[in-house]
Amino acid sequence: MISERDQRRIRAAMSAMPYAATERVPKPWVAMGAAVDADAVVAFLEGLAEVLSEVAAESDKHRRRLFSLEADVEAFRRLIGTAPAEVTP
């Protein structure tokens, strides 16, 4: 059994969590006074994990695209002769 004090703390943490605003992350409805039990916490964490994995995948895609663009810029700079001189030790 989760104490009433801990339930308030859990609800506050759930509400403050980035990416938890989406409807795919189930949260116990505070206005209805629904009890926060282990099942509600697990459902919240599973929904949050799903959203965060999608966010991470999107971030990785953008990072790969950025690296590709940086490589294209460097290749273009070498082609037109404006690449910085390489320093060799």
Side-chain angles (χ1 to χ4, degrees):
M1 184 72 170
I2 301 173
S3 72
E4 195 171 314
R5 177 177 176 264
D6 286 340
Q7 288 189 37
R8 285 191 304 271
R9 291 174 62 207
I10 291 169
R11 280 192 186 103
M14 287 177 172
S15 297
M17 181 66 63
Y19 302 106
T22 178
E23 65 278 353
R24 295 183 317 178
V25 181
K27 294 181 289 283
W29 184 246
V30 176
M32 295 176 64
V36 177
D37 57 7
D39 291 338
V41 173
V42 168
F44 172 82
L45 293 175
E46 287 175 344
L48 189 60
E50 178 184 325
V51 170
L52 290 176
S53 67
E54 290 174 9
V55 168
E58 189 70 20
S59 176
D60 287 344
K61 184 174 90 175
H62 289 299
R63 186 177 297 115
R64 285 191 303 274
R65 179 72 177 133
L66 176 62
F67 290 149
S68 174
L69 290 172
E70 288 174 344
D72 291 347
V73 167
E74 287 303 314
F76 182 72
R77 290 179 75 194
R78 283 191 302 275
L79 183 66
I80 64 172
T82 61
E86 292 188 26
V87 178
T88 55

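Source: prediction; values computed, not measured.
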Under the side-chain hydrogen bond (donor to acceptor under 3.5 Å, both in side chains) test, residues paired with S53 that sit two or more places apart: none
Closest non-hydrogen atom pair, F44 against M17: CZ-CB, 4.1 Å
Tabulate below the donor-acceptor pairs under 3.5 Å that side-chain atoms of residues 61-77 make, not counting sequence neighbours, or state none.
{"unit_1": "H62", "atom_1": "NE2", "unit_2": "E58", "atom_2": "OE2", "d": "3.0"}
{"unit_1": "R63", "atom_1": "NH1", "unit_2": "D60", "atom_2": "OD1", "d": "2.8"}
{"unit_1": "R77", "atom_1": "NH2", "unit_2": "T82", "atom_2": "O", "d": "3.2"}

Same apolar cluster (I L V M F W Y, side chains within < 4.5 Å links), V51/V42: no
Side chain to side chain, I10 and Q7, heavy atoms closer than 4.5 Å: no
With E54 via side-chain hydrogen bond (donor to acceptor under 3.5 Å, both in side chains) - residues at least two apart: R24
side-chain contact (heavy atoms from CB on, under 4.5 Å) evaluation trace for E50 with V25: CA-CA 9 Å; E50 178 184 325; V25 181; over 6 Å; no
